[in-house]
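Just so we're on the same page: letters track the sequence lines, and every chain starts at 1. These numbers come from a predicted model, not from an experiment.
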2 protein chains.
Amino acid sequence: MQTLQQISGEPVDPAMIVDVGRIARLPDNFPRLWSTVEQLYKLLKIELDETIVNDAYRFQHIKSRTGSRIYSAGDRCDAIFIVYAGFLKTSWVDKYGNEKILEFPMKGDVVGFDGIDLKQFRNTLVALSDIELIVVPVDFFHSNSSHAYGFRRRIMELMSNALVAGQKIEYMMGTLPAEARVAKFLLSISQKFRAMGFSDKSFHLRMTREDIGSYLGLTLETVSRTLSGFSRCGLIRVDQKFIEIVDSDGLKMLRRLPSLKR
Amino acid sequence: MQTLQQISGEPVDPAMIVDVGRIARLPDNFPRLWSTVEQLYKLLKIELDETIVNDAYRFQHIKSRTGSRIYSAGDRCDAIFIVYAGFLKTSWVDKYGNEKILEFPMKGDVVGFDGIDLKQFRNTLVALSDIELIVVPVDFFHSNSSHAYGFRRRIMELMSNALVAGQKIEYMMGTLPAEARVAKFLLSISQKFRAMGFSDKSFHLRMTREDIGSYLGLTLETVSRTLSGFSRCGLIRVDQKFIEIVDSDGLKMLRRLPSLKR
DNA sequence: CGCAGACTTGACAACCCTCAATTATTGTGG
DNA sequence: CCACAATAATTGAGGGTTGTCAAGTCTGCG
């Protein structure tokens, strides 16, 4: 039987595997698990205090299949989401239908900041694997109750951080050549995998070349060519979506070097 | 005598002009004015209630001269700022010294979101004209007192909005040709001037071509050439930093058209 | 008046996009 | 289980947009 662990490659708390396996047979979007405030605080690395540990509030989880759309621009935003397992992409579609990939959220990332302003989502959230999300109602962190204080503060920190991260992407798209962008992309993916306890040397990308290109401001052909170039130089190995980083120092060098000829 | 109004081109509440004029002779960074919570709420368009109107809390103002640096990366972040008058730029400098212009804050804009995460600013804030800022201590909006509730909520909305705005810049830098970027830039500046009650047809840019180029991911030469091209086509008139928009519909068209030949 | 900084304009080359063909992979139905 | 279609990825050729380098003009300021 296929469990969520096998589907997404996520390490799951042993105590939960049985549950995850059992509930995998239930229909999509059926609530399966509920997290405590304490679990939420731990996932987001927020300092705990005693009142939090005993809080009775519970957060609903939702599960969804590869390729499913969690929300689209214009959808009402009552809640934001924390990725519990799996891989996703967020994108923005302009009025002519052009899509721009914005982020690739993974475990522990918070998704939905784009909906807070107008109480409507502005972007689109799509699952790149089978996923599990924790639902945090907007009312929860606007409330004055004590359990929301640390969470709210952390959310503001994460928004601030997301803002700065976006500014780095702007810089990258404005000034760096294609090779430096792809190298930075690989290194940042690698680092996220390490942070989640996976190998940072070999992994497989869940997104297509087109998604990567859109994210980096390049065409899919340029992404493909650049990866092939890296492979030819012995920096990485590539086999379709599987990537092995051979020389991470070499990739780091690339970020500021003028160019790399074959 | 030169008042702040003349320096920055800002409309100032008549009751304040005398004060502004008088204090202009005081040394830089000397606190001159204090805003009430009510004034702050009005500036940020937050809904008022009675407890706010009578709140005794006061926000300090700071004034600074053209070219002065308000904060730099690494500076401790105890407060964020609301632009009361004048024009500024924010930028991010990477470890090799390359600067990327991020925003051009104007009256009513909130500056300093980049410092909330680590309690240290990550960017640099520089005055493009003589300016006046309202200082809002971070502790103010983290507090549980009633006057902070609406403000905090609004700040989260503004951060959400800033995040989405940054994503649109990413899209622009990744896909649009130089002409479309410059056209969008002019239109957005024009709109901000209109929102402040100034002419949206003719204005003068406070930033250099290099700043614009950095903001849009172009070189200063490309910006200059593109502006000259617009001028040749009768879309705008250009005289150094003075811009007159002749055909704003023409500029709007440019945003999705393939190219514009001379 | 002279200087420094900002802006304009030109020539050329490089990088990357567009178009196109081929191969690999995944999913579907007989 | 295999054939077939659809999607994804690779690779090549050619051209266009924009960056680089360079020279010259304009503006403001001491």
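Regarding B:L220, its CG atom lies at a distance of 15 Å from the P atom of D:dT18, rounded to whole Å. Atom CE in A:M173 sits about 14 Å away from atom P in D:dG19, given to the nearest Å. The distance from atom CG of B:D239 to atom P of D:dT25 is 18 Å, rounded to the nearest whole Å. To the nearest angstrom, P of D:dA9 lies 14 Å from CZ of A:R206. Atoms CD1 (B:I212) and P (C:dC7) sit 8 Å apart, rounded to a whole Å. Between the CD1 atom of B:I236 and the C1' atom of C:dT8 there is a distance of 14 Å, rounded to whole Å. Between A:L216 atom CG and C:dC16 atom C1' there is a gap of 14 Å when expressed in whole angstrom units. Atom CE of A:M172 and atom P of C:dC16 are 13 Å apart (whole Å).
Position along DNA chain C of the nearest nucleotide to A:Q240 versus A:R181 favours A:R181 as the more 5'-ward residue. Between A:G174 and A:V223, the residue anchored closer to the 5' end of DNA chain D is A:V223, taking for each the nucleotide with the nearest heavy atom.
A:G217 comes within 4.0 angstrom of the backbone, heavy atoms only, and of no base.
Between B:K241 and C:dA6 there is no side-chain polar atom (N or O) within less than 4.0 angstrom of OP1 or OP2. Regarding contacts with the backbone of D:dA8, every side-chain N or O of A:T208 stays at 4.0 angstrom or more from both OP1 and OP2. Here B:S224 does not reach the OP1 or OP2 of C:dT9: none of its side-chain N or O atoms lies under 4.0 Å away. Within the structure, a side-chain polar atom (N or O) of A:R209 is placed less than 4.0 Å from OP1 or OP2 of D:dT10.
Atom CG in B:D130 sits 5.0 Å away from atom CZ in B:R65 (nearest 0.5 Å).
The side chain of B:L218 lies closest to D:dG19 when the candidates are C:dC16, C:dT9, D:dG19. Picking from C:dC17, D:dT18, C:dT9 the nucleotide with the shortest atom distance to the side chain of B:S228 gives C:dT9. The side chain of A:T222 sits closest to C:dC17 out of C:dC17, C:dA24, D:dC26.
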- Decide yes or no on salt bridge (charged side-chain N to carboxylate O under 4.0 Å, His left out) for B:R194 and B:D200, but give the supporting numbers first. CA-CA 5 Å; B:R194 187 172 59 236; B:D200 58 349; 2.7 Å; yes
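Closest heavy-atom contact between A:R122 and A:W92: O-CD1, 3.5 Å. Nearest heavy atom pair, residue A:E170 against residue B:E170, reads CG-CG, 4.0 Å.
In this structure, the ring of A:F198 has its center no less than 6.0 angstrom from the ring center of A:F203.
Between the side chain of B:R225 and the base of D:dG19, no donor-acceptor pair of N or O atoms lies under 3.5 Å. Scanning atom types as modelled, one donor and one acceptor separated by under 3.5 angstrom connect the side chain of B:E221 and the base of D:dC21.
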